[in-house]
Amino acid sequence: MVMAYLGSHQGADKATEARAIELIEKGYKRLMSFECRKNGFEWFGGDIPGHEAITSYGILEWTDMAKVWPSVDKAMMERTVGWLLSRRDGKGGFERNAKGGPSFGYAPQEITDAYITWALATAKIGGIEKELALVRSRSLECEDSYYLALAANVLVTAGGSGGAHSPPSDDLATKILDKLAKKQSSDGGVMGAATSICRSGGEALEIETTSLAILAWLRSPAHTPQLEKAMHWLLERAKGGRFGSTQSTILALKAIVAYDAAHATPKKPGAVLLVVDGKVYDEKRFSADEKGSIVLPSFAEALTPGEHKVELRLVGGTPMPYSLT
């Protein structure tokens, strides 16, 4: 994630980059020691069955790692993905190692299934139509915000074009993103989760849920207001360089790096239109390198007694936060 962050900005410190690469190489070699002899990964590795959720966590990590470091072993990824696919139950879910312990990955079955499916979709693994269908069907009735955030990421990852600010191509994904928006508190956090993949609670659970919502909302320009509120909320949760627990910190950093990358891309020129009752009241054009706020004038005189429809329209440019007073 450090390398991904540095890659979003010009003039990154070379010594910091070199240190990051050194740590990736050391960490990767250490991680490989936890591979089980019968494939998959577990808390301690060795001659024991793999752990489905931890293996999924590894796939997510190596997929991110491969974007900034070319030495992730493709053969390892293939056999690890193959083992995880072999754990499918044939109904869209996954078997779980009963000896894995009551912690990471021993959330309710539907959360674990969705988490594993998210990892496979993120790694662009094909042939998981049945697993995607199960996530879709469970999403229709679910009101748990953590599950909905996971499901939204599954659907936008499996069905989207891959880029931030690309509208989701799945109607259900859009409905789930709208559901999440209704669970956002006035200060920006996403509430209403019972537990997470690592059985967290309290603020750590709120951070995990909000981070997942951010990752999904990044793919939907229509949810830019919710995205901006959630980012403000998330950044205010940092204490001593951490965002709660280890897992909530990891997800928070993943969301922050993704948000940064989406907003660090070259800007495009465009215009902001203020539309009152279907007619353009004012227009402000901006260049690709414009800095600061784009301020539109007061339109109070257009608001005669009665109902009016006021719109802000962005023509060209890139998605940006806005406020209306």
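The first residue in the sequence is number 1, and the count goes up from there.
In this structure, M191 and E206 have side chains that are in contact, with non-hydrogen atoms separated by less than 4.5 Å. Using a 4.5 Å heavy-atom cutoff, the side chains of V135 and D113 are not in contact. Taking 4.5 Å as the limit, every side-chain heavy atom of D64 sits out of range of all side-chain heavy atoms of L60. Side-chain contact between K229 and W233 is absent, with no heavy atoms from C-beta onward closer than 4.5 Å. Put simply, the side chain of L273 does not reach to within 4.5 Å of the side chain of L312, judged on heavy atoms. Counting only heavy atoms from C-beta outward, the side chains of I214 and V190 never approach each other to under 4.5 Å. Between F299 and D282, the closest side-chain pair of non-hydrogen atoms is not below 4.5 Å. Within the 4.5 Å cutoff, the side chain of V310 has heavy atoms near those of the L274 side chain.
Across all non-hydrogen atoms, the minimal contact from M1 to V257 is O-CG2, 3.8 Å. Summarising the geometry of T209 relative to S145, their closest heavy-atom pair is CG2-OG, 3.6 Å, with the distance given to 0.1 Å. Taking all atoms of both residues into account, the shortest heavy-atom contact from I116 to S56 is CG1-OG, 3.2 Å. The heavy-atom pair separating L218 from A262 by the smallest distance is CD2-CB, 3.9 Å. In plain terms, the two heavy atoms of V276 and A302 that are nearest each other are CG1-CB, 4.2 Å. Contact record, T195 with P108: CG2-CD, 3.5 Å, taken as the closest heavy-atom pair.
V272 and V280 fall into different hydrophobic clusters, where Ile, Leu, Val, Met, Phe, Trp and Tyr are joined by side-chain heavy atoms under 4.5 Å apart, directly or via other members. In terms of hydrophobic clustering, with Ile, Leu, Val, Met, Phe, Trp and Tyr side chains grouped at heavy-atom distances under 4.5 Å, M32 and V72 are assigned to a common cluster. Under a hydrophobic clustering in which Ile, Leu, Val, Met, Phe, Trp and Tyr are joined whenever their side-chain heavy atoms come within less than 4.5 Å, directly or via other members, L140 and Y146 fall into the same cluster. Hydrophobic clustering places Y57 together with W118 (ILVMFWY residues linked when any side-chain heavy atoms are closer than 4.5 Å, directly or through intermediates). Hydrophobic clustering keeps F286 apart from V275 (ILVMFWY residues linked when any side-chain heavy atoms are closer than 4.5 Å, directly or through intermediates).
Exactly one residue among V81, I59, T117 makes a side chain to side chain contact (heavy atoms under 4.5 Å, CB included) with I125. That residue is V81. Across V156, N153, L177, a single residue satisfies side chain to side chain contact (heavy atoms under 4.5 Å, CB included) together with R219, and that is V156. Screening W83, F34, W62 for a ring-ring contact (aromatic ring centres under 6.0 Å, His included) with F41, the sole residue that qualifies is W62.
Between R79 and E35 there is a salt bridge, with a side-chain nitrogen of the basic residue lying less than 4.0 Å from a carboxylate oxygen of the acidic one. In this structure, E52 pairs ionically with R87, as a charged nitrogen and a carboxylate oxygen lie closer than 4.0 Å.
Taken from CD in E143 to NZ in K179, the straight-line distance is 4.0 Å, to the nearest 0.5 Å. To the nearest 0.5 Å, atom OG of residue S86 and atom CZ of residue F94 are 10.0 Å apart. Rounding to the nearest 0.5 Å gives a distance of 8.0 Å between OG of S211 and CZ of F243. Taking CD from E17 and CD1 from I21, the interatomic distance works out to 8.0 Å, rounded to the nearest 0.5 Å. A distance of 10.5 Å separates NE2 in H51 from SG in C36, rounded to the nearest 0.5 Å. Atoms CG and CG, from L84 and L120 in turn, are 5.0 Å apart once rounded to the nearest 0.5 Å.
Side-chain atoms of E208 and S200 include a donor-acceptor pair closer than 3.5 Å. Judged purely by distance below 3.5 Å, without hydrogens or angles, the side chains of E228 and Y259 pair a donor atom with an acceptor atom. Checking S33 against R30 by side-chain atom types alone, a donor-acceptor pair falls below 3.5 Å.
Taking E236 as the reference, nothing meets the side chain to side chain donor-acceptor pair (under 3.5 Å) condition, with sequence neighbours excluded.
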(message) Let's go through Y28 and M65 carefully: what are the C-alpha distance in whole Å and the side-chain angles of both, what is the deciding distance for side chain to side chain contact (heavy atoms under 4.5 Å, CB included) to 0.1 Å, and is it a yes or a no?
(response) CA-CA 9 Å; Y28 176 78; M65 190 184 289; 3.8 Å; yes
(request) Evaluate salt bridge (Lys or Arg N to Asp or Glu O under 4.0 Å) for E22 paired with K26, printing each intermediate quantity in order. (result) CA-CA 6 Å; E22 177 187 352; K26 287 183 177 179; 3.3 Å; yes
(request) Apply the test side chain to side chain contact (heavy atoms under 4.5 Å, CB included) to residues R237 and T210: give CA-CA distance (whole Å), side-chain angles for both, the deciding distance (0.1 Å), then the verdict. (result) CA-CA 11 Å; R237 304 279 84 74; T210 304; over 6 Å; no
(request) For side chain to side chain contact (heavy atoms under 4.5 Å, CB included), just list the numbers for T157 and K124, CA-CA rounded to whole Å, side-chain angles, deciding distance to a tenth of an Å, and then say yes or no. (result) CA-CA 8 Å; T157 301; K124 302 187 184 307; 5.9 Å; no
(message) Under the criterion side chain to side chain contact (heavy atoms under 4.5 Å, CB included), I'd like the reasoning laid out for L212 against L150: C-alpha separation, chi angles, the key distance, then a yes or no.
(response) CA-CA 7 Å; L212 285 170; L150 259 184; 4.1 Å; yes
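Using cut-offs of 30° and 60° for the angle between ring planes, the W217 and H223 rings count as parallel.
More than 12 heavy atoms of other residues, nucleotides or ligands lie within 6.0 Å of NE2 in H308, so this atom counts as buried by the packing criterion.
Counting only distance, with no hydrogens or angles, the side chain of R88 and the backbone of L85 share a donor-acceptor pair below 3.5 Å. Without hydrogens or angle criteria, K309 side chain to G278 main chain gives no donor-acceptor distance under 3.5 Å.
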